[in-house]
Amino acid sequence: MSIPVLTIDGPSGAGKGTVSRAIAKQLGWNYLDSGSIYRSLGIACLQSQTDLTNAQAVVEVAKAMILEFDCGDELKVKLNNVDITAQLGTEATGSAASVVAAISDVRAVLLQKQKDFQQPQGLVADGRDMGTVVFPNAERKVYLTASAKERAKRRYKQLIEKGIDANLAQITDEIQARDKRDMERETAPLAQADNALYLDSSDLSIPQVIDEILDFIR
Ligand code: DC
C-alpha cells in the first residue's frame, strides 16, 4: 500500500507552516517544509557568495550541500554540519530562496530530497508545487491562501512581537514581489492543483483552518 500524502501549497505567509506542522503532529505523520530546502540553498549561495542568477553555479551549490533536518516541535536545519536554523526565517533568506527556486535545473536536483520525506505512516508536504509536481498522486491536496494585505499584516505582527523593527508597506511590497516571482516562473510555478481544496485563511483562525483540512481528509 502506498504511503498517504497530504499536500498544502500556497503563497508565503498563508499559514501553511503552522497548519501543516499541527496536522502532521495530530496524524502522527512526517512533515516536509519544502521551502526550508530552498531557503537552505539560498543561505548556501549567500555564504559562498555565489551569484544567484548564475544557474550553473547555483546547481553546483545545490548538488554539494548536505542537509540534515530535525522536524521536532521546531524545525532545525544543519547545512554542511553547521546549524543554520536562526537564518532560515529572515527576509533576505526568503528572497534568495525565491530567486534560486526559479532555476529549473535547481528544482530537478532538489526533487529527490523532497520525495525522500514520504515515509510511514504518511506525509504532510508544504510548499508551492507539492500537489502539482513533487507529489502529483497525493490523495489529498489543499491550496491555502490569504490576501497579500492580510499576509503582510501577519508578518509585520510576528516581527514586532520579536522586537524587530518593521515597516508594513515595505513588507507588503516584498510579499507581492515574491508572489509574482513564485507564480510567474516557468518551472513549477505556484498554482492550485486541479483537485485541490481552495481555502482562503484571511478571515479564519489557525484552529479553524486546521479543522477544515482535517474534515476534508477524513
Ligand atoms: O515557503 P517559504 O516561504 O519558506 O519558501 C521560500 C521560497 O522557496 C519561496 O519564495 C519559493 C520557494 N519555494 C518553491 O519554489 N517551491 C516550494 N515547494 C517551496 C518553496
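Predicted, not measured: the structure shown is a model, and the values here were computed from it. One-based numbering, in listed order, for ligands and for the atoms of each.
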* Asked: By number and element, which atoms of ligand 1 are closer than 4.0 Å to a non-hydrogen atom of Arg185?
  -> 14 (C), 15 (O), 16 (N)
* Over 12 non-hydrogen atoms of neighbours within 6.0 angstrom of NZ in Lys113 -> yes
* Asked: Nearest protein heavy atom to atom 8 (O) of ligand 1, by residue and atom, and its distance?
  -> Tyr38 CB, 3.5 Å
* **Check: Tyr143 and Leu197 side chains under 4.5 Å, non-hydrogen atoms** => no
* Asked: Near Lys115 NZ, under 6.0 Å, is it more than 12 heavy atoms from other residues, nucleotides or ligands?
  -> yes
* **Asp203 atom CG, neighbour heavy-atom count above 12 within 6.0 Å** => no
* Asked: With a 3.5 Å cut-off and no angle check, do the side chains of Glu60 and Gln56 form a donor-acceptor pair?
  -> yes
* For atom 19 (C) of ligand 1, what's the nearest protein heavy atom and its distance? -> Ser34 OG, 3.4 Å
* So is Asp126 polar-close to ligand 1, meaning N/O to N/O under 3.5 Å? -> no
* To do: Could you list the atoms of ligand 1 found under 4.0 angstrom from a heavy atom of Gly127?
  => 18 (N), 19 (C)
* To do: Look at Lys76 together with Glu68 and state whether they make a salt bridge at an N to O cut-off of under 4.0 Å.
  => no
* Asked: Of the choices Pro11, Gly35, Ser12, which has the non-hydrogen atom that lies closest to atom 20 (C) of ligand 1?
  -> Gly35
* Give a yes/no on ligand 1: does Arg181 have at least one heavy atom closer than 4.0 angstrom to it? => no
* Where is the nearest protein heavy atom to atom 4 (O) of ligand 1: which residue, which atom, and how far? -> Arg39 NE, 2.6 Å
* To do: Tell me which protein heavy atom sits closest to atom 12 (C) of ligand 1, plus the residue, atom name and distance to 0.1 Å.
  => Ala101 CB, 3.7 Å
* Asked: What is the ring orientation for Phe117 with Phe69, classed by angle as parallel under 30°, tilted 30 to 60°, or perpendicular over 60°?
  -> perpendicular
* Asked: Is Asp129 in polar range of ligand 1, meaning some N or O pair under 3.5 Å apart?
  -> yes
* Taking atom CD of Glu186 as the centre, does the number of heavy atoms from other residues, nucleotides or ligands within less than 6.0 Å exceed 12? -> no
* Got a sec: does the CG of Asp194 have more than 12 other heavy atoms crowding it under 6.0 Å? -> no
* To do: Return the residue, atom name and 0.1 Å-rounded distance of the protein heavy atom closest to atom 16 (N) of ligand 1.
  => Arg107 NH2, 3.0 Å
* Structure fact -> atom 7 (C) of ligand 1 has as its nearest protein heavy atom Ala97 CB, 3.7 Å
* To do: Please write down residue, atom name and distance for the protein heavy atom closest to atom 9 (C) of ligand 1.
  => Arg128 NH2, 3.3 Å
* To do: With heavy atoms of Met130 as the reference, note each atom of ligand 1 found under 4.0 Å away.
  => 18 (N)
